There are 2 protein chains.
Amino acid sequence: MLPSKNKYLSNVSFDTVIFGFTGEELKILVLEYQNSGMFALPGGYIRRDKNLLDAVKEGVKRRTGLNKIHLEQFHTFGMLKRSDPEPTKIIARGLGYELEEDNWMLDRFITIGYYSLINYNQVKPKPNKYSDSINWYSINNLPPLMMDHEKIVEKALEVIRTDLLKKPIGINLLPEKFTMKELQKVHETILNKKLRRTTFQRKILNMDILKRHEKLFTGAANKAPYLYSFDKDKIENT
Amino acid sequence: MLPSKNKYLSNVSFDTVIFGFTGEELKILVLEYQNSGMFALPGGYIRRDKNLLDAVKEGVKRRTGLNKIHLEQFHTFGMLKRSDPEPTKIIARGLGYELEEDNWMLDRFITIGYYSLINYNQVKPKPNKYSDSINWYSINNLPPLMMDHEKIVEKALEVIRTDLLKKPIGINLLPEKFTMKELQKVHETILNKKLRRTTFQRKILNMDILKRHEKLFTGAANKAPYLYSFDKDKIENT
DNA sequence: TCTTATTGTTCCAAAATGATACAATAAAAA
DNA sequence: TTTTTATTGTATCATTTTGGAACAATAAGA
């Protein structure tokens, strides 16, 4: 069954850019609708009976299987030219439906963009009944996304780059415990430039948000690095 | 005539926080709907046939008479509890209309917030046919605003405070030519704290975005300050 | 001419950042 | 066991940015 008009708000939707980090590359989740060749960001309509943020969380869960992830609103997109009914028709057709010309889903939509940074390894995205697949794609090698979704990704990247300098958001891309080198790699990948090791280490440690744990013995012939974790207590006492 | 359903998008609206600076205080524009006692931010519905930003600009012009002002999107508000049909009913009643229970304007609305910084003196806001009055109110002495409009103002303030450190937005609140002292006062008022004169002057001048003009002789018994203006050329060559 | 308030600048101290050097080490090689 | 190698954690010093105060330059009134 397709989404019904009276369950959702008209003319407003959400789209999410969900980032993961492989250790080498920054990736995002992209889903492919069945029999349509259409690639899209996980997005959807907004339930009438929920707060915007809750509706988005619920939508993300249905689209990706991901639960309890932190979502941050970053921009709302409302260009006229983003309202093309064709992609929606194609998607519906791929699911075996032929939409009437006056179907509410073919109307103009303004979409609210959210981003999330999650642990690439602790998560197994699951396609739902509408989508063929949901997969990680490198930021530098995305499939052609439908509508203005590429612009949405670009804007999300812009925003996380500036947020990275203020909040320790990079930590969400890593496992609970991580080395300084891994955190530096996250920053370098997002900012797309090399950082000086000593300066980076000093800056992060001076932020006083990390707890130091045991050393990590990798078997390599050199000094073992310490493991760190994000220290919630230190943050709250600020 | 009330706004008609087929001209506007459903469930989405905009609201604007328009800042002005008197020389002493930061103010915003608040309008009062006729015979209703309802105070609100200039806002409205979004025309189906325009880009979001253009629709907002057009709406602002109709509400306030202000033309060609720069608007910056800052947040989209979608809490469930902001959807109370009562205020809209009261406003309609004040205009001599009784809305049916299923009228589209009584439905839930998600609102997109925009802010603008304009020159308090070069502008004469005009009420339109729906509003009784449109007036400047000090940030610290607002009338009770309808719905969640006070939260919207708060968020706008938060955003301009952080933007102030990055972009030279304070300049928009001043006339074409201004003294360093005036610009400092703008920053102090927005940030709500005193700034050191010498440090502020150096920081602003080092940004290399100002053109220096003739001195301003005020008649006071002391050294006359230079006038400055925003230098668009210097910005573009960056 | 002297006084007063304010402005533009300079100067020095303090803090943050950039860049390099170096000691500590984990494990393999000699 | 000792030496070697790569990498990590810090210390150190230079450079840049910022904080804070001092001071000379002035516009106009006393």
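Reminder, nothing fancy here: chain letters follow the sequence lines and each chain counts from 1. In this text, all values refer to a predicted model and were calculated from it rather than measured experimentally.
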Does NZ or CZ of A/Lys27 lie under 6.0 Å from the centre of the six-membered ring of A/Tyr137, at an angle within 45° of the ring axis? no
Atom pair distance, as rounded to whole Å: CD in A/Glu214 and P in D/dG9: 13 Å
Got a sec, which residues hit ring pair (Phe, Tyr, Trp, His ring centres under 6.0 Å) with B/Phe77, two or more places apart in sequence or on another chain? B/His75
Across all chains, not counting sequence neighbours, the side chain to side chain donor-acceptor pair (under 3.5 Å) partners of A/Thr189 are none
B/Leu227 atom CG is separated from C/dG8 atom C1', nearest whole Å, by 15 Å
Determine, for nucleotides 21-27 of chain C in 5'-to-3' order, which nucleotides have protein heavy atoms under 4.0 Å from the base (write B), from only the sugar-phosphate (write S), or from neither (write -). B--BBBB
With a 3.5 Å cut-off and just heavy-atom distances, do the side chain of B/Arg212 and the base of C/dG8 make a donor-acceptor pair? no
Please determine, for the side chain of A/Arg202, which listed nucleotide (D/dT12, D/dG9, D/dG20) has the closest atom? D/dT12
Could you tell me the separation between the NZ atom of B/Lys203 and the C1' atom of C/dA15, rounded to a whole number of Å? 14 Å
Can a side chain N or O of B/Arg196 be found less than 4.0 Å away from OP1 or OP2 on D/dG20? yes
Among residues at least two apart in sequence or on other chains, which ones pass ring pair (Phe, Tyr, Trp, His ring centres under 6.0 Å) with B/Phe21? none
Sequence neighbours excluded, which residues qualify as ring pair (Phe, Tyr, Trp, His ring centres under 6.0 Å) partners of B/Phe14? none
Between P of D/dT17 and CE of B/Met207, the distance in whole Å: 14 Å
Test side chain to side chain donor-acceptor pair (under 3.5 Å) applied to A/Glu25 - qualifying residues, sequence neighbours left out: A/Ser138
Could you give all pairs that pass the ring-ring contact (aromatic ring centres under 6.0 Å, His included) test and reach residues 145-193 of chain A, with sequence neighbours left out? A/His187-A/Phe200
Rounding to a whole Å, what distance do you find between A/Ile204:CD1 and D/dT8:C1'? 16 Å
To the nearest 10 degrees, the angle between the two end axes of the helix from C/dT1-D/dA30 to C/dA30-D/dT1 (five pairs per end) comes to 30°
Expected list for residues 178-188 of chain A near DNA chain D, using heavy atoms below 4.0 Å, is A/Lys181
Does A/Arg202 have any side-chain contact (heavy atoms from CB on, under 4.5 Å) partners at least two apart in sequence or in another chain, and if so, which? A/Thr199, A/Asn206
Atom OH of B/Tyr226 and atom C1' of D/dT26 are separated, to the nearest Å, by 10 Å
Assign the ring pair A/Phe74 / A/Tyr115 to parallel, tilted or perpendicular, where the plane angle (0 to 90°) is split at 30° and 60°. tilted
Specify the separation, in whole Å, of atom CG of A/Leu216 and atom C1' of D/dG9. 15 Å
Can you measure B/Asn206 atom CG to D/dG19 atom P for me and round it to whole angstrom units? 12 Å
The side-chain contact (heavy atoms from CB on, under 4.5 Å) partners of A/Thr198 (sequence neighbours excluded) come to A/Arg196
Hits for ring pair (Phe, Tyr, Trp, His ring centres under 6.0 Å) against B/Tyr114, two or more places apart or cross-chain, chain-then-number order -> none
